[in-house]
Amino acid sequence: MRKTIVVIILFAVILPASAIVNFSGCGDPQQAAFEGVGKAVVRIYCNNAMGNGVVIDEKGLVLTNTHVIVNCKNIKVKLGTGQEYDGKVVCRSTNTDIAVIEIDADPGIAKAVLGDSDNALPGSPVAIVGYSQKLMEKPVVLKGLVAAAGLINGVNYVETDMVINTESSGSPVVNTAGEVIGIIGWEHGAAEGAGAAVATNQAKALLTSMKEAQSNILLITETTPPIIYSDYAIFSWKTNRPSTSQVEYGLTQTYGTFTTLDVKLMDKHTVVVNSLKPSTKYYFKLRSQDVCGGEIISAGDSEFLTKPPQAAPLPAPQIVDFSILDLSSSDVTVRCITDQPTTLQIQYGTDKADKPFNKSDTKLAVEHSMRLEKLQLDTTYYIDFTMTNSQGKTSHQLNLPFITPPLAPSCSGMGCEAPSFNLKTLDNLPFTSNDIIGKKAVITFTSITCSICAGQVKYFNEVYKDPKYKDVIMMTVASGDKKEDILRWMKLYGVQTPVYQDESSDMVNAFKPPMKPSAYFIDPGGIIKYVKKGPIIGTGELKDILDSY
């Protein structure tokens with residue numbers, strides 16, 4: 001009698017810490033929480049491309065990224081049950097890369113709960129839940145940890161330690177309570193491969209704006225008579241909620257000319273119209289649009305007459321509008337609009353009576369912007385303005401206050417203050433974290449045994465030699481390697497950027513790079529703006545990241 005022998009071969013697959021895991025229902029409470037959110041994850045189809053989204057309302061509201069649905073002619077939303085709906089964009093924000101889609105959903109649709117993203121602490125376990133092009137039957141779970149949370153360019157982010165790809169756009173980041181704390185986005189987050197998500201508290205602000213837009217139309221609540229001169233005019237108005245600013249004008253009631261759209265959302269608007277003809281009548285309209293597309297245009301054919309070329313003696317200049325922009329780091333921009341062309345000098349400091357710092361703009365202009373750098377965080381500053389017009393008349397406005405943002409969390413992820421360090425050059429000279437303050441810096445971690453690290457050397461060399469980036473501090477940190485070995489490695493691969501020795505790995509322990517190579521892009525205020533996990537793949541990528549902040 002012939003015996004059949006069955007041989008069972010078991011393959012052990014070792015997954016990395018951040019691993020893609022299909023839903024298994026094996027009794028893991030975290031997995032159950034992630035699976036619950038997975039039922040609310042949807043696929044979004046736009047122009048033959050696919051992104052993800054998550055249902056957050058039984059009425060059929062879906063959160064996703066703006067870049068997933070931009071320029072879509074037809075949006076299709078497919079649930080995990082296989083049901084497919086037409087989607088309509090009801091609100092979107094280019095600045096935060098968050099959009100809201102509405103579908104005519106059937107009763108009982110699965111929805112996710114938006115959590116408090118302010119509670120996303122570094123080291124907390126999270127997962128990204130979403131569909132991929134290869135695995136379409138069920139969402140997959142990518143598990144990892146929160147790396148950082150904070151404010152980057154005015155947008156609240158949650159960064160994870162997971163390496164993701166563009167298919168993840170619109171996927172929710174979920175905590176162990178099964179709450180959504182972020183929406184993965186690419187347009188305004190970290191460099192390729194970093195798990196950056198727009199925080200749900202940022203999305204909640206958009207939802208609040210959407211409800212306001214649905215319940216109250218956008219209105220112009222107040223207008224100020226324009227300030228008119230021979231070749232320019234200044235227009236000011238207020239709206240009942242933050243919106244964009246633009247003036248349409250022309251020589252007839254058909255208008256036809258627009259000022260550059262100011263996309264900053266503000267409820268107080270000031271726009272300067274330049275290059276006008278003297279002694280000429282113009283017609284104009286004021287235009288604003290809120291974040292959800294609601295638009296208000298001033299009614300009637302308003303008009304104004306520019307002054308003759310030889311104007312009467314000018315009055316003392318006055319400030320029409322003053323604002324502080326980019327309040328997300330230790331560098332801010334002061335924007336000042338005066339009622340006539342002036343030069344502008346500012347003095348600023350933390351004491352009303354003693355202001356040791358100053359900036360000046362010697363060009364006669366109506367609008368001035370000045371960058372103030374290396375300010376103390378979480379601090380009140382006071383500014384004195386001195387304006388001088390073309391006829392030599394001078395006026396002052398004193399002690400206008402502003403407060404810098406709070407201290408960044410102590411960590412090594414995006415939005416954090418870079419950890420302090422003490423290194424030595426290969427010439428045995430000290431080099432510390434204080435030496436990079438005030439300039440952009442790129443810190444890349446490598447080792448002489450890392451073959452893919454050597455592959456990016458030429459890109460760093462090219463940028464290092466480019467005059468445009470002469471003020472950027474480019475640091476290659478060799479950890480765990482001896483000086484003589486580093487020198488041989490530099491000669492072998494033609495390394496031209498400065499290399500620093502981290503023989504005891506103190507700097508690696510402070511930054512905790514996820515892999516080698518990894519690159520940290522740091523702004524002049526010492527804040528980490530981007531973390532590149534893996535090798536730089538070209539000179540263009542390196543320059544693009546440096547140019548983005």
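Hydrogens, waters and symmetry mates play no part in the numbers below; they use all other heavy atoms, side chains included.
Side-chain atoms of S288 never come within 3.5 Å of backbone atoms of I296 as a donor-acceptor pair (strictly under, hydrogens ignored). Of the possible polar contacts, none joining the S171 side chain to the I184 backbone as a donor-acceptor pair under 3.5 Å is found. Looking only at distances, a side-chain donor or acceptor of S298 sits under 3.5 Å from a matching main-chain atom of L286. Checking side-chain atoms of T64 against main-chain N and O of G170 turns up no donor-acceptor pair under 3.5 Å. When atom types are taken as modelled, the side chain of D262 and the backbone of K264 share a donor-acceptor pair closer than 3.5 angstrom. Judged by distance alone, the side chain of T259 and the main-chain N or O of V273 form no donor-acceptor pair under 3.5 Å. A distance-only check finds no donor-acceptor pair linking the side chain of N47 to the backbone of A49 [under 3.5 Å]. D321 places no side-chain N or O within donor-acceptor distance of the main-chain N or O of H269, the cut-off being under 3.5 Å. Checked by atom type and distance alone, the side chain of S117 never pairs as donor or acceptor with a backbone atom of G182 at under 3.5 Å. Proximity of a side-chain donor or acceptor of R92 to a complementary backbone N or O of I69 within less than 3.5 Å is not detected.
Closest of all the heavy-atom pairs between I528 and P419 is CD1-CD, 4.3 Å. A pairwise comparison of heavy atoms in S245 and V271 identifies CB-CG2, 3.8 Å as the closest pair. Of all the heavy atoms in L372 and I383, the pair that sits closest is CD1-CD1, 4.5 Å. P317 approaches D339 most closely through the heavy-atom pair CA-OD1, 3.5 Å.
Counting only residues at least two apart or in different chains, ring pair (Phe, Tyr, Trp, His ring centres under 6.0 Å) contacts with residues 337-357 comprise Y348-F357.
Qualifying side chain to side chain contact (heavy atoms under 4.5 Å, CB included) partners for D544, counting only residues two or more places apart in sequence or in other chains: none. Under the side chain to side chain contact (heavy atoms under 4.5 Å, CB included) criterion, D435 pairs with F431, T432, sequence neighbours left out. Taking the side chain to side chain contact (heavy atoms under 4.5 Å, CB included) definition, one finds that E462 meets it with T539, sequence neighbours left out.
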For this session: Please assess Y249 against F235 for the test ring-ring contact (aromatic ring centres under 6.0 Å, His included), listing each intermediate value before the final yes or no.
Result: CA-CA 11 Å; Y249 64 99; F235 297 87; 8.1 Å; no

For this session: Go through N399 and K355 one step at a time and tell me if the side-chain contact (heavy atoms from CB on, under 4.5 Å) criterion holds.
Result: CA-CA 10 Å; N399 289 322; K355 301 181 178 68; 2.6 Å; yes

Problem set entry | Check against side-chain contact (heavy atoms from CB on, under 4.5 Å), N65 and I183 | CA-CA 8 Å; N65 293 132; I183 300 294; 3.8 Å; yes

For this session: Could you walk me through whether D116 and N201 pass side chain to side chain donor-acceptor pair (under 3.5 Å), step by step?
Result: CA-CA 6 Å; D116 185 353; N201 285 1; 2.9 Å; yes

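Each of T388, T386, T343 was scored for a side chain to side chain donor-acceptor pair (under 3.5 Å) with T394, with one residue passing: T388. When Y381, F322, Y382 are each tested for a ring pair (Phe, Tyr, Trp, His ring centres under 6.0 Å) with F402, only one passes: Y381.
To the nearest 0.5 angstrom, Y255 atom OH is 9.5 Å from I297 atom CD1. Interatomic distance, OG1 of T96 versus OH of Y157, reported as 8.0 Å (0.5 Å rounding).
Between K468 and D466 there is no salt bridge, since no side-chain nitrogen of the basic residue lies less than 4.0 Å from a carboxylate oxygen of the acidic one. In summary, K88 and E102 engage in a salt bridge, as defined by a charged side-chain N under 4.0 Å from a carboxylate O.
Residues L276 and F304 are in side-chain contact: their nearest non-hydrogen atoms beyond the backbone lie under 4.5 Å apart. Side-chain contact between S243 and M266 is absent, with no heavy-atom pair separated by less than 4.5 Å. Looking at heavy atoms from C-beta onward, I324 lies in side-chain contact with V334 at the 4.5 angstrom threshold.
Looking only at atom types and distance, the side chain of D384 has no donor-acceptor partner in the side chain of H396 under 3.5 Å away. Side-chain contact, T444 with Q456: a donor N or O sits under 3.5 Å from an acceptor N or O. No hydrogens or angles considered: nothing links the side chains of D267 and N240 as a donor-acceptor pair under 3.5 Å.
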All N/O donor-acceptor pairs, side-chain side in residues 204-211, below 3.5 Å, sequence neighbours left out:
from, atom 1, to, atom 2, distance (Å)
K204, NZ, G115, O, 3.0
T208, OG1, K204, O, 3.0
S209, OG, A205, O, 3.1

Distance-only criterion, 3.5 Å: show the donor-acceptor pairs between side-chain atoms of residues 361-369 and protein atoms not counting sequence neighbours.
from, atom 1, to, atom 2, distance (Å)
D361, OD1, K363, N, 3.2
D361, OD1, K363, NZ, 3.2
D361, OD2, H368, ND1, 3.0
E367, OE2, R335, NE, 3.0
H368, NE2, T342, O, 3.0
H368, NE2, A365, O, 3.0

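No more than 12 heavy-atom neighbours from other residues, nucleotides or ligands sit within 6.0 angstrom of NZ on K238.
By the 30° and 60° cut-offs, the orientation of the rings of F511 relative to F445 is tilted.
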